[in-house]
Amino acid sequence: MNKKIKTGAVDHLFEAILCLESKEECYSFFEDLCTVNELLSLSQRFEVATMLRDHKTYLEIAEKTGASTATISRVNRSLNYGSDGYELIFGRMTK
């Protein structure tokens, strides 16, 4: 875990997110919390991660998502050398 992000404020945010019970609640909370562009960027990164996991090429990913190769590379680095957060979620989503 990155020690730079482990703060009381981040803990508080994550506690709030864990209180959400439905997709509609997520929409309401994240619409208030994030700008449209921030939320679209987050969802784009998750889509990139999903496509990388499915062994899609950078070109296929860029064409489908509009992500830059820099973004795709950053997500790929997280998948390969990160904290396994993506894998945790992918495992839970397939159950």
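Source: prediction; values computed, not measured. The chain is numbered in sequence order, starting from 1.
The shortest side-chain heavy-atom distance between Tyr58 and Glu63 does not fall under the 4.5 Å cut-off. Here the side chains of Asp11 and Thr7 are not in contact, with every heavy-atom distance at 4.5 Å or above. Within the 4.5 Å cutoff, the side chain of Cys19 has no heavy atoms near those of the Phe29 side chain.
In this structure, Leu13 CG and Leu33 CG are separated by 6.0 Å, a value rounded to the nearest 0.5 Å. In this structure, CG in Leu79 is found 9.0 Å from CZ in Arg53, a value given to the nearest 0.5 Å. Within the model, atoms SG of Cys26 and NZ of Lys23 stand 9.0 Å from one another, a figure rounded to the nearest 0.5 Å. Considering CG of Asp54 and CD of Glu60, their distance stands at 10.5 Å, rounded to 0.5 Å.
A donor-acceptor contact shorter than 3.5 Å links the side chain of Gln44 to the backbone of Thr65. Looking at Thr50, its side chain does come within 3.5 Å of a backbone N or O of Phe46 through a donor-acceptor pair. Between the side chain of Glu38 and the backbone N or O of Cys34 there is no donor-acceptor pair closer than 3.5 Å. The closest donor-acceptor contact from the side chain of Asn76 to the backbone of Ile72 lies at 3.5 Å or more, if one exists at all. Under the 3.5 Å distance criterion, the side-chain polar atoms of Ser83 are left unmatched by any main-chain donor or acceptor of Gly85. Side chain of Glu87 to main chain of Asp84: no donor-acceptor pair is present (N/O by atom type, distance under 3.5 Å, no hydrogens or angles).
Arg74 pairs by the salt bridge (charged side-chain N to carboxylate O under 4.0 Å, His left out) definition with nothing, not counting sequence neighbours.
Linking Ile, Leu, Val, Met, Phe, Trp and Tyr whenever their side-chain heavy atoms come within less than 4.5 Å leaves Val48 and Leu39 in two separate clusters. Criterion: ILVMFWY side-chain heavy atoms under 4.5 Å apart, direct or through other members. Under it, Phe14 and Phe30 are part of a common hydrophobic cluster.
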Evaluate side-chain contact (heavy atoms from CB on, under 4.5 Å) for Leu52 paired with Tyr86, printing each intermediate quantity in order.
CA-CA 11 Å; Leu52 284 167; Tyr86 283 119; over 6 Å; no
Does the side-chain contact (heavy atoms from CB on, under 4.5 Å) test come out yes or no for Glu47 and Lys64, once each step is laid out?
CA-CA 9 Å; Glu47 188 68 16; Lys64 181 166 190 240; 3.2 Å; yes
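Atom OH of Tyr27 has 12 or fewer neighbouring heavy atoms from other residues, nucleotides or ligands inside a 6.0 Å radius.
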